K.L.:
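So that we are looking at the same thing, I have put the structure below in structure tokens.
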Amino acid sequence: FALCVDGIFFESIKNKIPLEWFKDLYENWMANVMHLAQNFDGNRSLTQLGSSKELTSFIERMKSGANLGELCEEFGEKLAYPTMHYLIVSRLVCFASETKLKNLSEQQERLDKMLQKIEGKNPLEVFRFFGAGENPPPLEVERIYKEFAKSNHPDKLPATASVELQNLNNKVFSIVSEAHDILVDPEKRMALVNKIKENEAKNQIKAESLMEKAIPLLERAKYQDAYLPLMEAYSDYQSHTLFLYLTWARVKVEPNKVK
């Protein structure tokens with residue numbers, strides 16, 4: 001009897017509710033990932049909805065991680081909207097807060113750009129890329145990492161993802177995970193800070209040495225000879241004095257590029 005009532009309920013949704021109503025209702029949820037409820041039973045759901053091959057494929061695609069937008073493209077709006085609405089109203093599936101990108105090529109492009117920004121950076125720089133402050137406390141690091149993992153954990157990739165995309169995702173996730181592990185561990189974080197300070201001190205000494213060699217060249221109007229070492233010095237260490245000498249040399253060497 002319960003299955004019969006469920007079947008009538010689904011037919012009412014499919015035949016009585018206008019397509020435009022579904023579109024308005026789910027407009028902002030088309031890209032969101034969907035989670036199956038603990039009581040979801042694929043076979044029972046198929047019995048309620050019908051037993052067509054199309055519905056079987058629909059359920060399988062939904063279970064594999066397809067979002068509503070993808071289901072509409074693959075199965076048509078007339079099947080996707082009422083079917084999904086029935087499952088949601090019946091509390092068999094729900095929308096998650098995270099969204100799924102339209103296709104895997106977009107995801108690969110996004111991860112490529114992310115890798116370019118964080119590869120070779122120290123853990124503090126990695127988390128600054130994701131919006132952390134200069135010296136984020138462990139709670140902020142944890143919050144950012146959890147948000148990152150929601151959308152970028154390797155397990156989130158569908159089975160259809162290429163090996164290239166899987167490797168890229170693993171590399172990005174590994175860099176961020178390692179940075180997270182260092183920043184939330186007091187001893188590892190202190191070692192990192194000490195190493196950064198040590199490198200900054202070395203860079204400062206090197207930059208000041210290059211500047212001292214460049215100043216006499218500037219005074220003798222050998223601007224080109226002074227310009228390159230000053231650029232190298234400024235890339236290693238930024239100071240007001242070094243900036244002024246670099247600007248002096250640049251005005252003489254590249255006057256059209258200095259505004």
Side-chain angles (χ1 to χ4, degrees), residues 105-145 147-149 151-152 164 167-259:
S105 63
E106 288 181 8
Q107 188 164 355
Q108 183 157 342
E109 182 180 352
R110 180 179 63 86
L111 289 170
D112 268 327
K113 291 179 180 178
M114 194 181 296
L115 181 62
Q116 291 173 19
K117 295 292 185 181
I118 66 176
E119 191 171 25
K121 303 295 185 181
N122 68 53
L124 286 170
E125 292 170 330
V126 169
F127 271 79
R128 284 175 199 147
F129 171 76
F130 294 105
E134 287 295 310
N135 188 31
L139 284 177
E140 184 180 0
V141 173
E142 287 287 4
R143 176 184 62 78
I144 291 174
Y145 182 70
E147 287 298 318
F148 165 82
S151 302
N152 299 284
E164 182 182 2
N167 291 338
L168 176 60
N169 200 154
N170 287 335
K171 187 171 185 178
V172 169
F173 191 79
S174 176
I175 290 173
V176 179
S177 295
E178 184 177 346
H180 161 267
D181 292 345
I182 291 173
L183 293 180
V184 298
D185 184 293
E187 292 185 5
K188 292 180 180 179
R189 182 163 181 154
M190 181 60 68
L192 168 69
V193 171
N194 290 336
K195 184 178 180 180
I196 291 174
K197 290 180 177 178
E198 181 182 338
N199 288 337
E200 287 177 347
K202 289 180 180 179
N203 288 338
Q204 182 178 355
I205 293 172
K206 178 184 175 183
E208 290 176 348
S209 175
L210 288 169
M211 183 175 66
E212 289 175 1
K213 294 177 181 178
I215 291 173
L217 296 173
L218 287 173
E219 293 172 344
R220 296 200 300 271
K222 295 186 177 181
Y223 304 116
Q224 184 66 55
D225 293 340
Y227 186 41
L228 294 179
L230 285 171
M231 286 183 63
E232 180 183 351
Y234 196 72
S235 67
D236 289 332
Y237 180 77
Q238 288 81 50
S239 71
H240 181 66
T241 302
L242 184 51
F243 175 75
L244 291 176
Y245 281 118
L246 177 59
T247 302
W248 179 11
R250 191 178 184 191
V251 166
K252 297 296 184 178
V253 175
E254 301 177 334
N256 295 329
K257 294 184 179 181
V258 179
K259 296 182 180 180

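This chain uses plain numbering: 1 for the first residue, then up along the sequence. Just so we're clear, the structure is a prediction, and the values are computed from it rather than from any experiment.
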K.L.:
Which pair of non-hydrogen atoms, one from Val176 and one from Phe130, has the smallest distance, and what is that distance?
P.N.:
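What the structure gives for the nearest pair is CG2-CE1, 3.8 Å.
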K.L.:
Taking the basic N atoms (NZ, or NE/NH1/NH2) and the acidic carboxylate oxygens, is any pair closer than 4.0 Å for Glu198 and Lys202?
P.N.:
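Salt bridge between Glu198 and Lys202, a charged N being under 4.0 Å from a carboxylate O: yes.
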K.L.:
Give, for atom NZ of Lys213 and atom OG of Ser209, the distance between the pair rounded to the nearest 0.5 Å.
P.N.:
4.5 Å
K.L.:
Which value, rounded to the nearest 0.5 Å, describes the distance between Glu254 atom CD and Gln224 atom CD?
P.N.:
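Nearest 0.5 Å value for the CD-CD distance: 8.0 Å.
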K.L.:
Is the shortest heavy-atom distance from the side chain of Ile182 to the side chain of Asn122 under 4.5 Å?
P.N.:
no
K.L.:
Do Phe129 and Met114 make a side-chain contact, defined as non-hydrogen atoms from C-beta onward lying under 4.5 Å apart?
P.N.:
yes
K.L.:
Pair Ile175, Leu115 - check side chain to side chain contact (heavy atoms under 4.5 Å, CB included), show working.
P.N.:
CA-CA 9 Å; Ile175 290 173; Leu115 181 62; 3.6 Å; yes
K.L.:
Hey, could you give me the CZ/CD1 distance between Phe127 and Ile118, rounded to the nearest 0.5 Å?
P.N.:
9.5 Å
K.L.:
What are the two closest non-hydrogen atoms of Arg189 and Val141, and how far apart are they?
P.N.:
NH1-CG2, 4.4 Å
K.L.:
If the condition is ring pair (Phe, Tyr, Trp, His ring centres under 6.0 Å), which residues does Tyr245 pass it with, not counting sequence neighbours?
P.N.:
none
K.L.:
So do the side chains of Arg250 and Val253 get within less than 4.5 Å of each other, counting heavy atoms only?
P.N.:
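SC-SC contact between Arg250 and Val253 ruled out.
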K.L.:
Less than 4.0 angstrom from a charged side-chain N to a carboxylate O is my criterion; do Arg143 and Glu147 meet it?
P.N.:
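So Arg143 does not pair with Glu147 through a salt bridge.
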K.L.:
Can you tell me if Leu139 has over 12 outside heavy atoms packed within less than 6.0 Å of its CG?
P.N.:
no
K.L.:
Rounded to the nearest 0.5 Å, what separates atom CG in Leu246 from atom OG in Ser235?
P.N.:
10.0 Å
K.L.:
Using side-chain heavy atoms (C-beta onward) and a distance below 4.5 Å, is Leu183 in contact with Val126?
P.N.:
no
K.L.:
Going by the ring pair (Phe, Tyr, Trp, His ring centres under 6.0 Å) test, which pairs reach into residues 167-192, not counting sequence neighbours?
P.N.:
Tyr145-His180, Phe148-Phe173, His153-Phe173
K.L.:
Does any non-hydrogen side-chain atom of Leu230 lie less than 4.5 Å from one of Leu242?
P.N.:
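In short, these two side chains touch, coming nearer than 4.5 Å.
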K.L.:
Taking all heavy atoms of Leu192 and all of Pro123, pick out the closest pair and write down the distance.
P.N.:
CD1-CD, 3.7 Å
K.L.:
Indicate the atoms forming the closest heavy-atom contact of Ala214 with Ala226, along with that distance.
P.N.:
O-CB, 3.6 Å
K.L.:
Measuring from atom CE of Met211 to atom CG of Leu218, what distance do you get when rounded to the nearest 0.5 angstrom?
P.N.:
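Atom-to-atom, Met211:CE and Leu218:CG are 10.5 Å apart.
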K.L.:
What is the distance from atom CD of Glu164 to atom CG of Asn167, rounded to the nearest 0.5 Å?
P.N.:
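So the gap between those two atoms works out to 8.0 Å.
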K.L.:
Does a side chain donor of either Glu200 or Gln204 reach within less than 3.5 Å of an acceptor in the other side chain?
P.N.:
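Absent: no donor and acceptor within the cut-off.
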K.L.:
Kindly check if the number of other-residue, nucleotide or ligand heavy atoms within 6.0 Å of CD (Gln238) is above 12?
P.N.:
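Yes, CD of Gln238 has more than 12 neighbouring heavy atoms, counting only those of other groups under 6.0 Å.
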K.L.:
So do Leu124 and Pro136 actually touch side chain to side chain, heavy atoms under 4.5 Å?
P.N.:
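The answer is yes; the side chains approach within 4.5 Å.
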K.L.:
Would you say that Gln107 contacts Asn169 through its side chain, given a criterion of any heavy-atom pair below 4.5 Å between the two side chains?
P.N.:
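Yes, side chains in contact.
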K.L.:
Is there a side-chain contact between Leu217 and Tyr223 in this structure, where contact means two heavy atoms from C-beta onward sitting under 4.5 Å apart?
P.N.:
no
